[in-house]
Amino acid sequence: MFFALEEIMTRHTSTCQNRGVEETETNEIRARFAPSPTGHLHVGVARTAILNWLFVRHHKGKFILRVEDTDQARSSRESEMKIIEDLRQLGTDWDEGPDIGGQFGPYRQTERLDMYREVAETLLKKGAAYRCFLSQEEVDSRREQALASGESTILRSPYRDALEEVWQEKLAAGEVPTIRLKVPDYLEEVVFNDLIKGEIRFKAETIPEFVMLRANQTPSYNFAVSVDDALMKISHVIRGDDHLTNTPKQILVYRAMGVESPLFAHIPMILGADRSKLSKRHGSVSVGQFMEEGYLPQALVNFLSLLSWSSESKEEILSMDRLIDEIDLDRISSSAAIFDRSKLGWMNGQYIRGMDEEDFIRSALPFLKKAGRPADDSEITRKILLSIQSKIETLQQIDHHVSVFYDDDTTPDSDADAIAQTEESQRIYRAFVEEAGKVDLLDLKGFRSVMKNVQKKSGVKGKHLWMPIRVGLTGKTQGPDLPIIIETLGKEHCIKRVRRFIQQEIS
RNA sequence: GGCGCAUUCGUCUAGGGGUUAGGACGCCGCCCUCUCAAGGCGGUAACACGGGUUCAAAUCCCGUAUGCGCUACCA
């Protein structure tokens with residue numbers, strides 16, 4: 001499970017030098033998703049995962065899941081499990097990962113610590129990195145000074161070109177250095193061609209000589225990422241554009257290792273309604289939360305993939321297969337997108353309405369149960385659910401729309417009450433109670449004949465007859481079709497509900 | 001402060017030298033209808049600003065403004 005480092009690096013180096021020849025062999029598309037297990041799966045991060053996954057499946061490559069857990073304080077195994085669960089829920093799968101292993105494992109950074117140390121050591125020997133004995137405090141104060149005097153805040157450590165005696169002495173004295181990357185003296189700029197943003201250039205003096213290995217011997221993010229991507233033979237790095245300025249640092253690590261850089265694609269960020277970074281302040285942000293609120297995985301995936309990407313067909317409701325088929329880095333725009341909840345709602349509604357009966361019932365039942373209603377899959381329950389399928393945007397809204405079937409004593413809306421109080425309505429209600437009392441069974445047929453008689457007695461017809469009845473039966477001016485309500489309520493409940501609106505006659 | 005990225009209807013976006021600047025969400029109206037939805041039809045609304053280049057600029061170039069990101073021994 002653990003390759004000799006030199007061997008891996010030589011292999012990489014040689015493939016990159018003999019490109020033409022080895023091309024076919026090393027041409028495999030390999031992309032990765034590398035979350036840090038410090039919480040739930042944020043939709044912005046999920047979007048990155050989805051894009052990577054779609055891209056890989058489109059190109060018939062390999063998708064790698066790697067856990068970046070070097071931040072010991074914030075990482076947890078629970079979080080890792082939750083993230084994996086959410087990824088599965090969204091429909092993504094991976095070919096290599098911490099849970100299933102793979103050729104280039106291990107896939108947790110904390111299990112790769114030896115590799116980072118080895119690479120750091122190698123880079124030290126090659127002169128591509130150096131030991132820095134600056135303390136955290138010294139680094140901070142240098143930065144403050146630079147800021148105050150208006151100079152560049154890019155740190156150039158005094159130990160960068162220190163003589164061997166100097167650092168040997170420090171080492172002997174028991175001081176533990178960090179290992180910093182050396183930006184080569186001859187380097188003028190780092191240029192790369194981002195697959196989405198185009199050509200990006202950084203002047204060498206603006207690239208910090210960042211810490212690769214901390215004093216506690218753990219790798220920093222930029223270092224670990226580069227080492228892992230190189231060793232795992234990642235061909236395409238697709239990630240948020242907040243990493244754009246990290247890229248030159250990482251490119252320098254690849255060069256120091258003598259490894260060819262992967263291709264980069266920096267996708268635009270997802271923002272909240274106020275154009276700031278999408279966070280809890282903007283409402284739900286984790287995939288888990290959206291699932292709990294009754295959003296469908298496929299709708300979320302579809303919606304997320306349409307943020308900054310568009311199908312050439314201009315269609316918007318796209319199945320997983322179509323997304324895989326049509327995904328194209330060239331069609332990803334380069335500006336940030338705002339997370340529009342109302343459009344997500346609409347799209348989720350589209351998916352809900354598009355479900356066949358069985359699918360819908362199966363997905364709806366748990367939410368009915370969660371709402372404390374009898375979730376028994378009986379014929380009547382199915383009818384109730386189906387009657388509101390076109391009214392909801394999320395499964396969670398089932399409870400709200402379904403209450404009319406279960407609650408006899410809801411307090412009427414004010415506009416409903418106003419309708420119930422009219423003299424005409426009162427006439428209708430009295431006639432209804434009287435007529436309904438006469439029939440044995442208030443099923444659909446019974447209801448129709450009762451209403452015919454009510455119409456005759458009250459002299460009211462059309463919507464002036466039906467709306468008061470709706471209000472009398474439900475306490476609301478809107479809701480599911482009346483027939484299904486009658487059918488599920490039955491005679492007793494119908495009479496009971498209407499009766500409570502009848503005022504005592506004063507005379 | 002430095003560096004980097006971005007800027008087309010309120011939002012997601014198409015279009016990338018010649019278009020009545022297209023679609024979707026939202027919103028408004030109409031139709032359907034016992035109601036609300038759904039569905040159908042229609043309407044509202046945009047090229048940040050200033051300079052160039054060009055016969056012609058939303059589109060190419062340069063500036064400005066604004067927003068965002070990075071600037072840690074966080075990721």
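Order of the sequence lines sets the chain letters (A, B, ...), proteins ahead of strands, with each chain counted from 1.
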J.: When you measure from the side-chain N and O atoms of A/Arg201 to the phosphate of B/rG4, is any distance below 4.0 Å, counting only OP1 and OP2?
T.: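 Answer no for this pair, as no side-chain N or O of A/Arg201 is under 4.0 Å from OP1 or OP2.
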J.: Quick check on B/rG15: is either OP1 or OP2 less than 4.0 Å from any side-chain nitrogen or oxygen of A/Arg331?
T.: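 For A/Arg331, the contact criterion (side-chain N or O under 4.0 Å from OP1 or OP2 of B/rG15) is met.
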J.: If I pick the C1' atom on B/rG23 and the same atom on B/rC62, what distance separates them, to the nearest angstrom?
T.: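 Between the two C1' atoms, the distance is 33 Å.
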J.: Measure distances between side-chain N and O atoms of A/Thr153 and base N and O atoms of B/rG2, and say whether any donor-acceptor pair falls under 3.5 Å.
T.: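 No, the side chain and the base share no sub-3.5 Å donor-acceptor pair.
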J.: Quickly work out the A/Asp340 CG to B/rG26 C1' distance and round it to whole Å.
T.: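 From A/Asp340 CG to B/rG26 C1': 8 Å.
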J.: Base, sugar-phosphate, or nothing: which does A/Thr70 touch, judged by heavy atoms less than 4.0 Å apart?
T.: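 Sugar-phosphate: the residue A/Thr70, judged by heavy atoms under 4.0 Å, touches backbone atoms but no base.
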J.: According to salt bridge (Lys or Arg N to Asp or Glu O under 4.0 Å), who are the partners of A/Glu137, at least two apart in sequence or on a separate chain?
T.: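 Residues passing salt bridge (Lys or Arg N to Asp or Glu O under 4.0 Å) with A/Glu137: none at all.
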J.: My understanding is that only residues two or more places apart in sequence, or in another chain, count here; which of them pass salt bridge (Lys or Arg N to Asp or Glu O under 4.0 Å) with A/Lys391?
T.: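 Salt bridge (Lys or Arg N to Asp or Glu O under 4.0 Å) check on A/Lys391 returns nothing, list empty.
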J.: Remember a base hit wins even if backbone is also touched, and classify A/Asn246 as base, sugar-phosphate or nothing at under 4.0 Å, heavy atoms.
T.: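 It contacts base atoms.
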J.: Looking across every strand, which nucleic acid part, if any, lies under 4.0 Å from A/Phe202 by heavy atom: base, sugar-phosphate, or nothing?
T.: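 Result for A/Phe202 = sugar-phosphate.
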J.: For A/Arg32, give me all partners under salt bridge (Lys or Arg N to Asp or Glu O under 4.0 Å), at least two apart in sequence or on another chain.
T.: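 With sequence neighbours excluded, A/Arg32 shows a salt bridge (Lys or Arg N to Asp or Glu O under 4.0 Å) to A/Asp229, given in chain and number order.
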J.: Round to a whole Å and report the spacing from NZ of A/Lys314 to P of B/rC25.
T.: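 That distance rounds to 15 Å.
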J.: Excluding sequence neighbours, so at least two apart, what forms salt bridge (Lys or Arg N to Asp or Glu O under 4.0 Å) with A/Lys170?
T.: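 Partners of A/Lys170 under the salt bridge (Lys or Arg N to Asp or Glu O under 4.0 Å) test: A/Glu175.
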J.: For B/rA45 versus B/rU33, give the span between their C1' atoms, rounded off to a whole number of Å.
T.: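 So the two C1' atoms sit 31 Å from each other.
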J.: Any chance NE2 of A/His282 has more than 12 other-residue heavy atoms, nucleotides or ligands included, within less than 6.0 Å?
T.: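 For A/His282, atom NE2 is crowded (more than 12 foreign heavy atoms under 6.0 Å).
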J.: What residues, two or more places apart in sequence or in another chain, satisfy side chain to side chain donor-acceptor pair (under 3.5 Å) together with A/Arg180?
T.: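 So A/Arg180 forms no side chain to side chain donor-acceptor pair (under 3.5 Å) with any residue.
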J.: Heavy atoms under 4.0 Å, any strand shown: does A/Ser335 hit a base, just sugar-phosphate, or nothing?
T.: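 Answer is sugar-phosphate: A/Ser335 comes under 4.0 Å of backbone atoms only.
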J.: When we call it a touch if two heavy atoms are under 4.0 Å apart, what does A/Ala215 touch: a base, just sugar-phosphate, or nothing?
T.: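 It contacts base atoms.
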J.: Name the pairing partner of B/rU59, where a pair is Watson-Crick or G-U wobble with both distances under 3.5 Å, or state none.
T.: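 By the stated definition (distances under 3.5 Å), nothing pairs with B/rU59.
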J.: Between protein and nucleotides 33-47 of chain B, map the contacts as a letter string: B base, S sugar-phosphate only, - none, heavy atoms under 4.0 Å, written 5' to 3'.
T.: -BBBBSS--------
J.: From CZ of A/Arg275 over to C1' of B/rG10, roughly how many Å is that when rounded to an integer?
T.: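 Spelled out: CZ on A/Arg275 to C1' on B/rG10 is 11 Å.
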J.: Regarding A/Glu205 and A/Ser152, do their side chains bring together a donor and an acceptor under 3.5 Å, going by distance alone?
T.: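 No - no donor-acceptor pair under 3.5 Å links their side chains.
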J.: Grab the CD-P distance between A/Glu316 and B/rU11 for me, whole Å please.
T.: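 That distance rounds to 16 Å.
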